[in-house]
Q: 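Take this structure first; my questions come after.
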Amino acid sequence: MTSAPVRSKAGMVLAVLAASQFLMTLDSSVMNVSMAVVAKDLGTTISGIQTAITLYTLVMATLMITGGKLGTILGRRRAFAVGLVVYGAGSFVTAIAPNLTVLLLGWSLLEGLGASLIMPAIVALVAANFPAERRAAAYGLVAAAGAMAVAAGPLIGGAVTTFASWRYVFAGEVVIVVAILALLRRVADVPPSPARIDYVGSLLSVVGLGSVVYGVLRTSEWGWIVAKPGAPTILGASPSIWLILLGLVVVFLFMRWENHLVRTGREPLLRPALLGNRGLVAGLSMFFSQYIVQAGVFFAVPLFLSVVLELDSLQTGLRILPLSFALLIAAGGIPKVWPRANPRRVVRAGLFSVPAGILVLVGGMDPGANAGVVAVPMLLIGLGLGALSSQLGSVTVSSVPDSESAEVGGLQNTGTNLGASLGTALVGSVLLATLTASVVSGIQQNPTVPASVKAQASTQLVGGVPFISDKQLTDALAATSLDAPTAAAVVEVNAAARLEALREAFGVTALLAAGALLFTGRLPDRAPGDDGDGDDGEGDGGEGLGEEDDDADADVRV
């Protein structure tokens with residue numbers, strides 16, 4: 001499948017696939033910094049734009065498995081092309097959207113549908129175009145392109161929105177889509193395989209995954225278990241926990257249904273035997289962990305830069321760029337310099353580097369800190385995430401035959417979307433809960449604040465304190481009847497609480513990264529395609545994986 005002509009075009013193929021991954025990830029990060037302007041242009045609210053962001057994530061996460069199956073039926077390159085056309089149409093509709101309804105159609109629905117076809121196909125096309133020994137570098141660079149989009153999104157969005165219009169970002173995506181389609185013939189294809197869509201399984205997977213993702217995404221407004229003040233309740237609890245539980249039950253029914261299809265000789269949407277493959281499950285669990293941590297970092301770092309240090313979008317994006325460069329260097333450089341590197345050891349090194357960077361950042365966060373405090377932490381975090389990216393894509397796909405790579409792509413992207421949703425929701429919840437508790441406690445203990453204001457704070461702020469800058473808070477307090485000393489005290493309390501909340505949020509992110517180390521034992525200790533003894537003396541210890549073991553396990557289960 002990887003002939004000399006194909007290898008000679010490897011750079012072009014990689015550019016096409018990496019550009020596609022970049023596009024799939026860019027939108028949300030651009031929209032996050034442009035929400036206020038977009039809301040004003042469309043005559044809607046910030047809540048309306050947040051709904052669009054949520055639905056975009058929801059459509060992608062719920063349809064990835066089905067999109068991978070369609071790739072098997074249509075052929076990987078054709079599914080990729082169809083997804084690009086749908087995605088490009090969505091970008092065009094978004095660019096000309098006159099209101100929120102059209103934005104939801106173009107961005108949330110059409111672009112989400114396109115992405116669900118494109119992203120599983122990318123995984124399969126890398127497997128088809130690169131031999132096993134070169135896949136780690138290829139997957140690493142494709143993953144790095146996605147992470148770079150998250151980091152560069154605020155910079156791109158801030159610049160384009162400030163100097164032109166947010167619409168040009170989506171119009172530019174249409175141009176990039178056309179360019180990718182023009183180069184697509186250079187990408188080696190995997191021909192379609194006879195298959196049928198399991199419609200019941202598709203419905204169950206959409207409902208199950210959708211309920212979990214939507215429940216997680218709404219925790220910031222509704223609460224996890226105990227409903228926040230003013231939020232709706234179901235049987236006395238937050239709707240989020242009920243949605244998550246419903247989703248888990250439906251996912252369980254989905255797996256039971258897939259097992260039933262296998263037992264009766266029919267074709268499932270997802271072969272349950274895949275989840276008996278230790279190498280695949282190990283890779284998927286690490287992908288899930290990586291995106292939880294990555295989402296937490298990209299949620300909290302911009303808040304520190306833009307709210308605490310009050311940098312604008314351009315300055316915030318520039319300060320995050322070292323993370324992108326370090327990630328790109330590690331993701332592409334590790335497989336190139338150490339092609340036979342032990343994947344387990346590289347991933348563990350990455351999982352040490354990420355919390356180390358976070359802890360260095362937390363140590364430098366104080367009221368007198370400037371933007372330079374993030375430089376070294378960004379490099380350490382970027383190197384750590386790049387180390388994970390350099391190995392995980394190759395680990396998951398190499399654990400199954402190439403013919404199953406699209407199916408694995410669907411699982412992989414489902415895991416990453418779930419991880420990103422959970423990471424943002426979890427870190428955001430910790431941050432806002434800590435901020436609220438710290439502000440209320442700080443006001444109660446501050447002797448400058450009058451008793452009447454303390455009483456108001458204990459009742460009015462319990463529902464949540466907004467994460468705002470000193471300037472925003474000062475302007476808001478100026479419109480109230482508070483005297484100057486009291487307002488100054490409230491601003492001081494809020495500033496201290498912001499830093500404490502960010503430290504707690506970063507601490508949770510560091511713990512998540514360190515906790516992921518517990519699940520690295522099942523990662524292989526040999527590079528995919530390496531039939532030798534590995535790059536060091538570290539043996540399996542019962543944890544290393546041979547493909548023969550996984551295939552045998554799969555055969556027994558089927």
Side-chain angles (χ1 to χ4, degrees), residues 20-39 41-42 44-67 83-97 99-120 122 146-147 149-150 153-154 156-157 161 166-167 169-174 176-177 205-207 209-221 243 291 294-295 298-299 410 413-425 428:
S20 303
Q21 186 73 33
F22 186 89
L23 276 183
M24 300 303 100
T25 318
L26 180 66
D27 284 356
S28 293
S29 56
V30 167
M31 195 65 79
N32 282 333
V33 300
S34 308
M35 281 195 291
V37 177
V38 177
D41 278 359
L42 300 181
T44 185
T45 62
I46 293 293
S47 178
I49 304 303
Q50 289 174 329
T51 299
I53 295 172
T54 299
L55 290 178
Y56 177 61
T57 304
L58 196 64
V59 171
M60 282 198 300
T62 56
L63 292 176
M64 283 296 175
I65 296 175
T66 303
L84 281 170
V85 171
V86 174
Y87 190 91
S91 296
F92 177 76
V93 170
T94 303
I96 63 172
N99 53 47
L100 179 61
T101 302
V102 178
L103 181 78
L104 290 172
L105 172 65
W107 186 40
S108 304
L109 181 60
L110 290 178
E111 288 197 29
L113 287 171
S116 69
L117 286 170
I118 294 168
M119 295 177 79
I122 289 175
V150 176
I156 295 171
T161 302
W166 60 272
R167 297 179 187 275
V169 174
F170 293 93
E173 288 186 347
V174 177
I176 296 174
V177 164
S205 70
V206 167
V207 173
L209 294 172
S211 294
V212 171
V213 173
Y214 189 66
V216 167
L217 289 172
R218 294 308 297 266
T219 53
S220 60
E221 295 178 37
L243 282 170
Y291 275 76
Q294 185 171 297
F298 283 120
F299 177 83
N413 285 294
T414 298
T416 58
N417 276 284
L418 287 172
S421 301
L422 185 58
T424 301

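All figures in this text were calculated on a predicted structure; none of them were measured in a lab.
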Q: For the OG1 atom of Thr66 and the CG atom of Leu117, what is their distance to the nearest 0.5 Å?
A: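 Rounded to the nearest 0.5 Å, the OG1-CG separation comes out at 10.0 Å.
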Q: Can you give me every donor-acceptor pair (side chain of residues 88-96, partner residue at least two apart or in another chain, under 3.5 Å) with its distance?
A:
unit_1: Ser91; atom_1: OG; unit_2: Tyr87; atom_2: O; d: 3.2
unit_1: Ser91; atom_1: OG; unit_2: Glu111; atom_2: OE2; d: 3.2
unit_1: Ser91; atom_1: OG; unit_2: Glu173; atom_2: OE1; d: 2.9
unit_1: Thr94; atom_1: OG1; unit_2: Gly90; atom_2: O; d: 2.7
unit_1: Thr94; atom_1: OG1; unit_2: Trp107; atom_2: N; d: 3.1

Q: Roughly how far apart are Thr101 OG1 and Leu42 CG, rounded to 0.5 Å?
A: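 Those atoms lie 10.0 Å apart.
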Q: Taking atom CG of Leu103 and atom CZ of Phe170, what is their separation to the nearest 0.5 Å?
A: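 Answer rounded to 0.5 Å: 7.0 Å.
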Q: Where do Gly410 and Pro120 come nearest, in terms of heavy atoms and distance?
A: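 Nearest heavy atoms, Gly410 then Pro120: N-CB, 3.7 Å.
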Q: Would you please name every residue forming a side chain to side chain contact (heavy atoms under 4.5 Å, CB included) with Leu63, sequence neighbours left out?
A: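 Side chain to side chain contact (heavy atoms under 4.5 Å, CB included) check on Leu63 returns Val59, Leu113, Ser116, Val206.
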Q: Heavy atoms only: give me the nearest Thr57-Ser421 pair and the separation to one decimal.
A: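 Where Thr57 meets Ser421 most closely, the heavy atoms are CG2-OG, 3.5 Å.
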Q: Would a distance-only check, ignoring hydrogens and angles, find a side-chain to backbone donor-acceptor pair under 3.5 Å from Asn413 to Met119?
A: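 Present.
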Q: Restricting to side chain to side chain contact (heavy atoms under 4.5 Å, CB included), what partner residues turn up for Thr414, sequence neighbours left out?
A: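 Met64, Ile65, Leu209, Leu418.
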Q: Tell me, please, which residues at least two apart from Arg167 pass salt bridge (charged side-chain N to carboxylate O under 4.0 Å, His left out).
A: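 Checked Arg167 against salt bridge (charged side-chain N to carboxylate O under 4.0 Å, His left out); zero matches.
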Q: Could you state the interatomic distance from OG (Ser20) to CD1 (Ile118), rounded to the nearest 0.5 Å?
A: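 So the gap between those two atoms works out to 6.5 Å.
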Q: Residues in side chain to side chain contact (heavy atoms under 4.5 Å, CB included) with Thr219, at least two apart?
A: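 For Thr219, the residues satisfying side chain to side chain contact (heavy atoms under 4.5 Å, CB included) (neighbours in sequence not counted) are Trp224, Ser240, Ala425, Ser429.
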Q: How many angstroms lie between CG in Leu110 and CG in Leu105, if you round to the nearest 0.5 Å?
A: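 That separation rounds to 5.0 Å.
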Q: Please walk me through it: do Val177 and Leu23 pass side chain to side chain contact (heavy atoms under 4.5 Å, CB included)?
A: CA-CA 9 Å; Val177 164; Leu23 276 183; 3.9 Å; yes
Q: Got a sec, which residues hit side chain to side chain contact (heavy atoms under 4.5 Å, CB included) with Leu55, two or more places apart in sequence or on another chain?
A: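 Expected list: Thr51, Leu58, Leu104, Ser108.
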Q: What's the separation between atom CD in Gln294 and atom OG1 in Thr424, rounded to the nearest 0.5 Å?
A: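 If we round to the nearest 0.5 Å, Gln294:CD and Thr424:OG1 are 10.0 Å apart.
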